[in-house]
Chemist: 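Below is one structure. I have some questions about it.
Remember, predicted model here, so these are calculated numbers, not experimental data.
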Amino acid sequence: MSLFNDYYLNILVMTCLWAGLAGAWNLMAGYGGLVSLGHAAFLGIGAYVTAIAYTKFGLSPWIGLVASIVITSAVAVLISWPCFRLRGAFFSLATLVFPIAMEIVANNWSDMTRGSSGIAIPFRPGLENFMFSSRLAYLIAAALFMLLVYGVARWMHRGRLGLYLVAVRDDQATAASMGVDPLRVKLLITLISAALTAMGGFFYAQYILFIDPPSVFSINNSVQVALLAIIGGLGTPAGPIVGAMIMTPLDGALSQFVGGGPRLLIYGTVLLAVVLLAPQGVVGAIQARRRAQ
């Protein structure tokens, strides 16, 4: 059984993609305390802008990528700004509306999105179209996306922006009294997180070659990225990668060898065990053990 058959390569590709998406979510939630449940909206907008630009207007997917980053970032600021006045669970519940609203828009704006029929993207292999005949090429691209998000997280973790975010997360009033502008910091991290998520949406569209409202705007996507980051370790650059490397291959293996109800039971049991045994995440537990030694 070769590691490089399409099935296992697909699992590796999706692992890197989910790691990157979870890492983008972690920038807001792990460092800034902005636990968003609306990232499926950013993923979906990135995917739809790319697909529409290519199939409807004949534009290069690379132009679609730039457009998706700009549009997603602008939408993220517009819809997140009013929610910044909310804290904790209230902020999370408010952001939950975003993907639901976007799914309704995508279903009803059929002239542009083709509604519930979805958009099928013609397969024309070539770097200029970001389409490849080999899944190995997609794996390399997904790994680069994951490493880009990891690099941004490392930069934040050691930089001024990360310190500002943690200060705002822990005590917003005190941070403001020390000269930190909470609104500016929150807007900046939202822009960065949304832009990276839009890049993930671009990759998803060019890899799967078909998108419809339920596949990209599903609340499950928002929950998935949150779970992977929490399992790996919130507020750590490597946490989302570790979470994705544990749970995504596990889900793929269970889908192939078990399936159905037993698959969900085993997946849920492993998830519960990780959360109970390492409430601070796998990376957080390792770091705590090292500090104790």
Side-chain angles (χ1 to χ4, degrees), residues 17-18 20-53 64-65 67-110 112-116 118-119 149 165 168-169 182-205 208 211-230 234 240:
L17 175 60
W18 280 114
L21 293 171
W25 181 87
N26 185 48
L27 297 178
M28 281 185 68
Y31 292 94
L34 300 170
V35 182
S36 166
L37 293 177
H39 268 57
F42 306 151
L43 173 70
I45 294 171
Y48 262 100
V49 170
T50 300
I52 291 170
L65 171 61
S68 69
I69 290 174
V70 172
I71 293 173
T72 304
S73 300
V75 171
V77 170
L78 289 175
I79 63 180
S80 298
W81 196 330
C83 298
F84 287 152
R85 297 179 180 179
L86 304 174
R87 304 285 183 86
F90 297 102
F91 176 84
S92 301
L93 289 173
T95 58
L96 186 62
V97 176
F98 303 162
I100 297 173
M102 292 309 303
E103 184 173 354
I104 293 172
V105 171
N107 272 315
N108 289 278
W109 197 8
S110 55
M112 189 66 68
T113 65
R114 299 181 187 173
S116 59
I119 299 177
V149 178
L165 279 167
V168 171
R169 179 195 68 191
L183 179 59
R184 181 180 178 183
V185 170
K186 290 178 181 180
L187 284 175
L188 182 56
I189 196 57
T190 299
L191 279 171
I192 295 173
S193 181
L196 292 172
T197 305
M199 292 179 66
F202 158 82
F203 181 91
Y204 181 89
I208 302 298
I211 58 171
D212 62 354
S215 65
V216 291
F217 291 119
S218 171
I219 299 299
N220 291 338
N221 292 333
S222 292
V223 174
Q224 179 79 351
V225 295
L227 285 176
L228 295 180
I230 292 169
L234 279 177

Chemist: Between A94 and L86, what is the shortest heavy-atom contact and its length?
Modeler: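 Reported closest heavy-atom pair: CB-CD1, 3.7 Å.
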Chemist: Could you go through F217 and I100, starting from their C-alpha distance and side-chain angles, then the distance that decides it, and tell me whether this counts as side chain to side chain contact (heavy atoms under 4.5 Å, CB included)?
Modeler: CA-CA 7 Å; F217 291 119; I100 297 173; over 6 Å; no
Chemist: Only counting residues at least two apart or in another chain, list the ones meeting side-chain contact (heavy atoms from CB on, under 4.5 Å) with L188.
Modeler: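 For L188 the side-chain contact (heavy atoms from CB on, under 4.5 Å) partners, ignoring immediate neighbours, are L161, I192.
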Chemist: Going by side chain to side chain donor-acceptor pair (under 3.5 Å), name the pairs with one or both residues in residues 27-51, residues two or more places apart or in two chains.
Modeler: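 Residue pairs with at least one partner in residues 27-51: Y31-H157, S36-H39, H39-S193.
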Chemist: With side chain to side chain contact (heavy atoms under 4.5 Å, CB included) as the test, would you mind laying out the steps for L65 and V49 before giving the verdict?
Modeler: CA-CA 8 Å; L65 171 61; V49 170; over 6 Å; no
Chemist: Which donor-acceptor pairs under 3.5 Å do the side chains of residues 70-83 make with protein atoms, sequence neighbours left out?
Modeler:
{"unit_1": "T72", "atom_1": "OG1", "unit_2": "S68", "atom_2": "O", "d": "2.6"}
{"unit_1": "S73", "atom_1": "OG", "unit_2": "I69", "atom_2": "O", "d": "2.7"}
{"unit_1": "S80", "atom_1": "OG", "unit_2": "A76", "atom_2": "O", "d": "2.7"}

Chemist: Which atom pair, heavy atoms only, marks the closest approach of I189 to L27?
Modeler: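 Answer, listing the atom of I189 first, then L27: CG1-O, 3.5 Å.
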Chemist: For residues G64 and A53, report the shortest heavy-atom separation together with the two atoms involved.
Modeler: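 Of all heavy-atom pairs spanning G64 and A53, the closest is CA-CB, 4.1 Å.
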Chemist: Name all residues meeting the side-chain contact (heavy atoms from CB on, under 4.5 Å) criterion together with L234; count only those two or more places apart in sequence or in a different chain, and write none if there are none.
Modeler: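 side-chain contact (heavy atoms from CB on, under 4.5 Å) list for L234, sorted by chain: W25, N26, A229, I230.
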Chemist: I'd like to check the side-chain contact (heavy atoms from CB on, under 4.5 Å) partners of R114; sequence neighbours left out, ordered by chain and number.
Modeler: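 Only T55, I119 meet the side-chain contact (heavy atoms from CB on, under 4.5 Å) criterion with R114.
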Chemist: Are any non-hydrogen side-chain atoms of W18 and N221 less than 4.5 angstrom apart?
Modeler: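 When only atoms from C-beta onward are counted, N221 and W18 do touch, with a gap below 4.5 Å.
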Chemist: Which heavy atom of L21 sits nearest to which heavy atom of G200, and what is that distance?
Modeler: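 It is CD2-CA, 3.9 Å.
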Chemist: Under 3.5 Å, is there a donor-acceptor pair between the side chain of R169 and the main chain of A29?
Modeler: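 No, because the side chain of R169 does not come within donor-acceptor range (under 3.5 Å) of the backbone of A29.
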Chemist: Partners of S116 by side chain to side chain donor-acceptor pair (under 3.5 Å), sequence neighbours excluded?
Modeler: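 So S116 forms no side chain to side chain donor-acceptor pair (under 3.5 Å) with any residue.
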Chemist: Restricting to pairs with a member in residues 88-108, which pass side chain to side chain donor-acceptor pair (under 3.5 Å), not counting sequence neighbours?
Modeler: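 Every pair satisfying side chain to side chain donor-acceptor pair (under 3.5 Å) with a residue in residues 88-108: there are none.
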Chemist: Is it true that the side chains of S215 and D212 contain a donor and an acceptor less than 3.5 Å apart?
Modeler: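 Note: S215 and D212 side chains meet the donor-acceptor criterion.
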